[in-house]
*Asks:* 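Could you have a look at this structure, given as structure tokens, before my questions?
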Amino acid sequence: MDRAGHRERFLAFLQTILRPGIPLSAVEEHDGLLRSGLIDSLAVLSIVDYLETEYGIDFAERGLDPGQVASVSRVLDLIERETS
Amino acid sequence: MTRARWLRILRHPHRDERVVGWAASPAGAAAVWLAAAALLALRDVRMAAVFCPLLALVFAFPAHRNTILSAGALAVLYGIVLERQGRHLGHLGGDARIVVLAAAVVVFVALYGCVRAAASLDRLPRAVRRRPQTWLHLLLWTALAGAWLLPAESPRLAPNVVRLSVACLPFLVWRCGYLLLAGRRRTAAGTSFADHFFYLAPVHGGTPVPYGKGYDYLADTDAADARARARTRLSGLTLLGLAWAWIGVQGVMDRFVFGDARGSLGLHRLGELVSAYDGPVPLAWAWLTLPAELVSSTLSLAIYGHFVVGALRLCGFAVLRNTYKPLVSESLVDFWNRYYFYFKELLAEFFFFPVYVRWFKRRPRLRLLAATMAAAWLGNVYYHVLLELPALARAGPAGAWSLISPRVFYAFLLAIGIFVSLVRQRSLRAGARAGDALRSGAVRLRRIAGVWLFYSIIHIWNVGPLELTFAQRTRFFLSLFGAGR
């Protein structure tokens, strides 16, 4: 799957964890998801669960840097790095 | 300009493009500096005397900011050592200055070694690479044990220098932890010592909790250009102003809620009530003290954090506030996130995430429980053990348990509360989203009241001096329900 495909899947997932009242169209690729209040800190765990389940990414070995999942573009970078 | 716009600018000057443009000009920068210097100096003249001249240089030469702040960090490091000498080794007499200077040099060399280790973590042995935080704390405890074995009072220079240097480590260890995280993430590679030293010995102020975390977060929030810097400085200035507003509110509370003067509610501080639980305080007054103390402690934390974060923002780092409207939180986990953000971040990064990504992956609820207990309970207690180590060491094993047991209980209740809140938030997420818009004011108020009740009750085992025992605190708690009155 290419970056656009990963993006589509991730945005579909993101829709389920966005704070209430925020439309998906409000999310820019480089927006800080937590910093701009688009998601809450609990949602970071949901993103981790999603990446583990959907892409088999193992954070145990590399450690979890919340910065890696701080924006859509960074999540996509991580997916590309880990699945290439 | 309309009155509404003036008010908007006063509240959020960094959101008004014309104000930001003016703040980016030389005259605007000078005005921001003057206002910041006044607000900081009124609060702490000594801190301002070190920080404000450096800030002027940072404003003038932003490209050299880290180097300028690192020069100030030398003075801060000396101050840290001096403060610990006064607190733990006050009997050094005429040799004190030499011991302090030598200890400052030792700590500086240790920090330099830590920066070099983080920058070239890949070249260290595999065991260290895999678990740098474990090795950091092993080193810390080895140093603490070594210092503890040295004679308490020695006429010789070396033992005193070692003991004093080691006494500084609990302040620095979490900052070094963030440094090693950057090493593990390979973001520290290619950086200079000055890129790290300024947050290891922070000239912007702080406690053992690293406000502004470490290299990664600071680099992430660094203002990219002159306009962004001006915006960040203005937001820092606003925060200093807000801190002063909260100081005013706290003064009003001290006068009309806690004071003995005419017209005051005359509430006692919670710590005083706990130490004299069967005193002549009516039950209703004892209950009223709980939320009053919660508000007061929140104000204190907000004031302190706003000064530190405000100073960091003035330096060009758009970091988040330490305290952000926790008293309107509708869940325990939200309060915890907003009350003491950088302590929560410390517990999350060093305890929660490592457990969460390693253990019980196939059992989601157990996974969440283990990570929450590791952070909010064990991590919380460990942090406070390090903080209170001199008092605990003096008290001996039984005395140390007596001193720390209220904190162990407090952190346990906190962790359970956060876990239940996390599970509830998770399972209700979909339902809550649908019903969020419909949620009535009364429901919100009830939720907020529940959060206040929980945190003000568990605060009983956290408030006041360390010497207040678990039994005293528990007796006070029971007295709220009439027991022992």
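Nothing here was measured: the structure is a model prediction, and the numbers come from that model. Residue numbers begin at 1 in each chain, while the letters A, B, ... track the order of the sequences.
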*Asks:* Against the six-membered ring of B:Tyr215, is B:Arg185 placed for a cation-pi contact (under 6.0 Å from the centre, within 45° of the normal)?
*Replies:*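 No, B:Arg185 does not lie over the aromatic ring of B:Tyr215.
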*Asks:* Where does B:Arg184 contact chain A at under 4.5 Å (heavy atoms): side chain, backbone, both or neither?
*Replies:*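 B:Arg184 touches chain A through side-chain heavy atoms alone.
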*Asks:* Got a sec, which residues hit ring pair (Phe, Tyr, Trp, His ring centres under 6.0 Å) with A:Tyr50, two or more places apart in sequence or on another chain?
*Replies:*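 Partners of A:Tyr50 under the ring pair (Phe, Tyr, Trp, His ring centres under 6.0 Å) test: A:Phe10, A:Phe13.
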*Asks:* Between A:Asp58 and A:Glu52, is there a side-chain heavy-atom distance shorter than 4.5 Å?
*Replies:*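 A:Glu52 does not reach A:Asp58 side chain to side chain.
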*Asks:* Which answer fits B:Leu181, side chain, backbone, both or neither, if we ask what part of it has an atom under 4.5 Å from a heavy atom of chain A?
*Replies:*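 Contact with chain A: none, neither part.
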*Asks:* Which region of B:Glu345, side chain (C-beta onward) or backbone (N, CA, C, O), has a non-hydrogen atom less than 4.5 Å from a non-hydrogen atom of chain A, or is it both or neither?
*Replies:*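 For B:Glu345, there is no contact with chain A at all, as no heavy atom is under 4.5 Å.
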*Asks:* Can a donor-acceptor pair be found between the side chains of A:Ser73 and A:His30 at a distance below 3.5 Å?
*Replies:*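 Note: A:Ser73 and A:His30 side chains meet the donor-acceptor criterion.
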